[in-house]
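Reviewing the structure listed below.
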Amino acid sequence: MSVLVLFTCSLLATAPTARFPKGTAPMEPGPAPHGLPDWSVQRCAECHASQVESWQHSGHANARMDDVFQMALTEDRPGWCVQCHAPFARNLERGPLPKDSPPEEHGVTCAGCHAPLGDEARAEGMPCAGCHQFGFPVVTSAGQQVRLSSTQLQQDTVGEWRRWRAQRGETRHCTACHMPRGDHGFGGTRRTESLKAALRVEQAGAALRISTREVGHAFPTGDVMRWVSVEVSGEPLFEAPRTIATFGRKLEVRVWPHEPLPHLGAVEDTRLLPGETRSVPLPRGARYARVVYHLVSHEQEVSGLYPAGLSQLVLWAAPLQPLPPLHTPKGRKP
């Protein structure tokens, strides 16, 4: 495949389009299949009941109703956020929805993935790439969003996956891991067991060796607020844990190359890459260790807006083996 084709496919998966507007407008799925009058979930369930039942328990079905997302709406632009998390919603306001709201108001419904892709089918990783790859919003000094950055990516999950595939010669699609055997329940950050299974932690002397299993993108990926902390404690309840390492992205508002308006971007990225093993030194006195997955940023946690029980997932915890004694070189005789 030529460099020009690769570049074109990358743009197809990053720039907003009518089919995948990335929150900048309502999604336009086109006509429903087989002469059906609409793309409603109820209509799809008439023939695909088992798939719809699985989907109802997925992060897609409740992408707008998720507690973390609802709290995020209090700090961000609701229209842009909602049009990604519920691309066919008509109500773009903050706050709880009426009890009789249709599934289209609650999350990503069938048409989001199953509507025809048209020319965008040429891009790798579609339809997943249509939503899970987009730039930071570029806003004016008055706070008006004018476009999404083409150079600083708020979510680069598909780009990470493409680089992994090129390095490993992989042919698997996103669905091989996230939709095994066609499971419409999906995996990802709302399935703690999936996250636990993706992580490998072992003590090697005076350090923890941390890596991922069968993960084709950075860990954590997706929302920039997500990060992972490695913590130690002298007691098993971790009432006063000490953080000894973090994996995540550090953000700043600045002017970036080829972009005259300042906006958020990543100035540091310490996330785990596929196949990478990170060695984290253990401090003296540590008796227990754990790895915690954070769904929101450290600043948001400190603010108290997000309770720890809502925004933190403990992926691994264990007592530590006694650390090897320090080697003290013998002093030379004068």
Tell me if the NE2 atom of His57 is crowded by more than 12 foreign heavy atoms within 6.0 Å. yes
Can you tell me if CD on Glu93 sees more than 12 non-hydrogen neighbours from other groups inside 6.0 Å? no
Atom CZ of residue position Arg242 - does it have more than 12 heavy atoms of other residues, nucleotides or ligands inside 6.0 Å? no
Are Trp227 and His294 near enough that their ring centres are under 6.0 Å apart? yes
Side chain proximity check, Trp164 to Val215, heavy atoms < 4.5 angstrom: no
Could you check Glu259 against Ser149 for side-chain hydrogen bond (donor to acceptor under 3.5 Å, both in side chains), going step by step and ending with a plain yes or no? CA-CA 8 Å; Glu259 182 58 73; Ser149 173; 4.8 Å; no
Is there a donor in the side chain of Ser229 and an acceptor in the side chain of Thr243, or the other way round, less than 3.5 Å apart? no
Arg278 CZ: over 12 foreign heavy atoms closer than 6.0 Å: yes
Close side-chain approach of Met65 and Leu97, heavy atoms under 4.5 Å: yes
Are the side chains of Phe219 and Leu195 in contact, using a 4.5 Å heavy-atom criterion? yes
Knowing that exactly one of Arg64, Lys99, Arg90 qualifies, which makes a salt bridge (Lys or Arg N to Asp or Glu O under 4.0 Å) with Glu105? Arg64
Give every residue pair that meets the ring-ring contact (aromatic ring centres under 6.0 Å, His included) criterion with at least one member in residues 96-117, sequence neighbours excluded. His114-His184
Can you see which heavy atom on Cys131 is nearest to which on Met27, and at what distance? SG-CE, 4.3 Å
Could you work out, with side-chain hydrogen bond (donor to acceptor under 3.5 Å, both in side chains) as the rule, every residue matching Gln145, not counting sequence neighbours? Arg77
Mind jotting down which residue pairs meet the side chain to side chain donor-acceptor pair (under 3.5 Å) criterion with at least one end in residues 29-55? Sequence neighbours excluded, please. Asp38-Ser40, Asp38-Arg43
Which one of Gln133, Arg271, Gln155, His132 satisfies the side chain to side chain donor-acceptor pair (under 3.5 Å) criterion with Glu160? Arg271
